[in-house]
Amino acid sequence: MPLIEIKNLHVSVQGKEILKGIDLNMNGGEVHAIMGPNGTGKSTLSYVLAGREGYEITEGSVLFDGVDLLKMEADERARAGLFLAFQYPMEIPGVATATFLKTALNAKRRAQGQDEIDAMEFLNLIKAKTAELEIPYEMIKRPLNVGFSGGEKKRAEVLQMSLLEPRVAILDETDSGLDIDALKVVSRGVNSLRSEARAFLIITHYQRLLTYIVPDFVHVLVGGRIVESGDKSLAELLEAEGYARFEENEAA
Amino acid sequence: MAATQQTVDAVREVETYKHGWETDIESDMAPKGLSEDIVRFISAKKEEPEWMLEWRLKAYRYWLTLADQEPDWAKLNYPKIDYQDSYYYAAPKLGDGPKSLDEVDPKLRETYDKLGIPLLEQEMLAGVAVDAVFDSVSVATTYKKKLSELGVIFCPMSEAIKEHPELVQKYLGSVVPYSDNFFATLNCAVFTDGSFVYIPKGLRCPMELSTYFRINEKNTGQFERTLIIAEEGSYVSYLEGCTAPQRDENQLHAAVVELVILDDAEIKYSTVQNWYPGDEDGKGGIYNFVTKRAACRGKNSKVMWTQVETGSAVTWKYPSCILQGDNSSGEFYSVAITNNRQQADTGTKMIHLGKNTRSKIIAKGISAGKSNSTYRGLVRMQPKADGSRNFTQCDSLLIGDQCGAHTVPYIESRNPTAQTEHEATTSKISDEQMFYCQQRGLNAEEAVSLIVNGFCKEVLQTLPMEFAVEAQKLVGISLEGSVG
Ligand SMILES: Nc1ncnc2c1ncn2[C@@H]1O[C@H](COP(=O)(O)OP(=O)(O)OP(=O)(O)O)[C@@H](O)[C@H]1O
Ligand SMILES: [Mg+2]
């Protein structure tokens with residue numbers, strides 16, 4: 001059974017149809033990349049999967065491990081193992097990053113019938129994870145995302161992912177705003193999480209990321225539809241040619 | 001004394017008649033209503049000296065002249081209180097109240113559990129008649145012994161009146177005089193107990209003084225009177241109230257707290273108030289009318305008020321600082337949370353009298369449901385307050401669109417060298433923030449609790465450690481049902 005099974009998904013926002021019939025299956029162990037021009041519905045797809053309110057699903061279905069994902073609340077989906085690294089992470093003033101991480105981790109542990117994490121264990125875990133992602137330990141004492149640079153915010157997203165160990169991770173332009181070194185570090189972090197039990201959906205505009213995180217599939221999203229799918233070479237082609245030929249098709 | 005005895009006898013007669021059996025003098029309750037006789041009765045019950053009774057009567061007689069002066073300037077809406085429809089003295093008898101926790105309202109117990117309050121403490125809070133061998137008794141005794149060796153006096157007000165009359169006479173009413181305001185005057189007449197603290201010269205009190213350790217106070221009446229005196233160069237941190245809701249059939253609470261701070265001394269006074277707020281529709285709940293004031297009499301004296309107000313149906317409370325000594329400073333940190341139909345009108349007064357006095361106000365108001373919250377604050381720079389400074393910051397956070405938040409700052413400066421600074425913000429919890437938290441697995445209530453705790457952090461971190469943890473949980477609990 002695929003981990004994620006999207007069938008003919010149509011989504012409208014305020015009466016305007018944004019997604020016009022998406023079909024996509026992701027199995028455990030796979031990395032799928034989605035590329036496409038600005039405003040074609042990539043983030044919309046990620047929000048709909050994560051359960052954000054304000055989207056009208058007019059047609060289609062999404063199964064998560066065989067269960068109707070669209071019936072679940074956003075927090076249930078998260079606790080069931082769906083993670084979204086936001087294109088624009090939110091600031092939470094006054095809440096230390098460490099506190100936020102611990103609260104999120106405990107929410108998940110409780111859902112799984114585990115005890116809350118012990119303070120010492122958490123400290124060790126967080127130390128290891130920040131070191132791996134080359135995040136200064138000092139940063140996690142600061143309020144989450146408040147005053148973080150663009151790149152720091154993206155790293156903090158990956159830190160959260162790494163800590164929560166989701167089954168399905170959606171990364172929405174996690175590479176944008178990262179410098180070259182950070183891109184490598186973050187990619188390493190993602191790669192270390194790749195496993196047979198886990199699927200990734202990586203939204204990006206740049207082929208560069210995909211040289212570090214090598215995808216199994218690349219999909220082109222234009223005008224609310226997946227207009228082409230291929231392997232990693234498709235990304236290279238797009239980098240060279242842009243989206244012109246798809247947009248012509250779209251217009252036709 | 002003859003007069004008081006007469007009153008006691010009269011009361012006993014009334015009671016006997018009413019209930020058809022003899023009232024046991026040990027398990028007493030004054031009849032409903034307020035009169036000079038009731039004041040005498042309370043004083044007699046407490047075996048007070050004559051001077052105390054006289055003071056109460058003076059206050060009572062003055063209160064009668066205030067009949068039409070009940071404060072109405074606050075942004076609060078509640079039906080007129082019938083002062084004759086209340087009991088002013090009801091000492092709980094042993095064995096009164098629930099016999100065990102099983103008899104306590106399950107909803108209340110649920111809250112205790114969420115707060116992580118140990119079972120024994122829960123019993124105490126719920127008013128379970130506890131055994132004499134109850135652990136806390138010995139704990140309390142140990143503390144008391146240690147404190148008295150250091151010269152600290154920490155006892156119920158009623159005990160201080162008898163044991164330390166010279167101190168009580170010198171300081172009681174010296175910060176909040178009997179004629180101060182309608183509710184304070186009423187308190188002077190009918191207060192039943194409260195805490196008395198005296199910290200001797202030069203002593204840094206080595207432990208936080210908390211009402212937890214004052215077992216005889218576990219059922220303090222609704223009119224508390226607290227007096228704390230910090231002698232030269234001393235320091236004390238006092239914790240008041242508990243973070244669990246104490247149910248009370250009586251509606252009105254009118255407490256008075258007076259702090260006296262001498263040269264180079266400091267008092268840190270922390271309150272977590274979680275009286276019964278009434279139900280979702282605003283039925284029931286406590287009317288909390290409190291007068292708290294600190295007199296920074298000495299040079300370099302310092303007071304810090306921290307309050308976390310989550311309970312009560314109506315809150316009317318303005319812990320104030322009289323900054324009289326040169327270089328004295330006052331700080332006020334407040335979190336006021338209102339949900340459902342609760343109303344809070346709270347803030348502070350900073351009266352700068354001495355030179356180079358400093359004050360800082362950090363007030364965080366959170367309104368949810370159909371509640372209303374007002375920050376009301378006064379900063380006054382008197383002519384002699386050369387070079388004094390105030391900084392005020394008021395932040396309001398709204399949850400939903402049916403609640404209200406208001407900020408009413410009064411600034412009066414009569415000294416051109418004094419400076420005041422005021423900042424105010426109003427914000428809402430955004431849907432994006434909520435979604436972000438929920439995407440990380442937090443349910444709506446956890447998300448609100450986390451965001452609100454972040455919003456209040458500056459205030460909560462001024463609380464002593466153990467208190468801060470409970471207060472954080474309380475923030476979440478008091479906002480339950482405010483979203484989704
Ligand atoms: N709440 C909304 N109200 C109106 N239009 C919206 C709303 N949310 C999204 N849209 C529109 O939906 C379309 C798709 O937006 P989306 O954010 O999914 O694009 P994207 O593919 O992620 O673009 P980018 O590459 O720039 O991130 C855009 O035209 C956008 O303006
Ligand atoms: Mg996008």
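Below, chains carry the letters A, B, ... as their sequence lines are ordered, and counting in each starts from 1. Only this structure's heavy atoms are used, side chains among them; waters, hydrogens and symmetry mates stay out.
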Considering only heavy atoms and a distance below 4.5 Å, find which of [options] pairs most often with chain B.
{"options": "A/Gly51, A/Ala78, A/Pro143", "answer": "A/Ala78"}
{"options": "A/Arg79, A/Lys108, A/Arg52", "answer": "A/Arg52"}
{"options": "A/Leu144, A/Leu164, A/Thr103", "answer": "A/Thr103"}
{"options": "A/Ala96, A/Gly54, A/Ala74, A/Ala80", "answer": "A/Ala74"}
{"options": "A/Ile92, A/Leu84, A/Leu82, A/Leu101", "answer": "A/Leu84"}

Can a salt bridge be assigned to the pair [X] and [Y] using a cut-off of 4.0 Å between side-chain N and carboxylate O?
{"X": "B/Lys75", "Y": "B/Asp345", "result": "no"}
{"X": "A/Lys7", "Y": "A/Glu5", "result": "yes"}
{"X": "A/Glu116", "Y": "A/Lys102", "result": "no"}

Can you tell me if CG on A/Asp115 sees more than 12 non-hydrogen neighbours from other groups inside 6.0 Å?
no
Just checking heavy atoms, which of residues 420-433 of chain B are less than 4.5 Å from chain A?
B/Ser430, B/Glu432, B/Gln433
Which one, B/Glu446, B/Gln439, B/Met434, B/Gln438, leads in non-hydrogen pairs under 4.5 Å with chain A?
B/Gln439
For residues B/Asn390 and B/Ser359, is any side-chain donor paired with an opposing acceptor at under 3.5 Å?
yes
Please work out which of the three classes, parallel, tilted or perpendicular, describes the rings of B/Tyr269 and B/Tyr238, given edges at 30° and 60°.
tilted
Considering non-hydrogen atoms only, spot the tightest contact between A/Asn145 and A/Pro89 and give its length.
ND2-CB, 3.5 Å
Distance-minimising heavy-atom pair for A/Val11 and A/Ile57
CG2-CG1, 4.0 Å
Turns out that what part of A/Glu91 lies under 4.5 Å from chain B's heavy atoms comes down to backbone
Looking at A/Tyr137, I'd like to know if the NZ or CZ of A/Lys127 sits under 6.0 Å from its six-membered ring centre while staying within 45 degrees of the ring's axis.
yes
In terms of heavy-atom proximity below 4.5 Å to chain A, should B/Phe455 be classed as side chain, backbone, both, or neither?
backbone
Worked check of side-chain contact (heavy atoms from CB on, under 4.5 Å) between A/Met90 and B/Phe435
CA-CA 9 Å; A/Met90 294 306 300; B/Phe435 173 61; over 6 Å; no
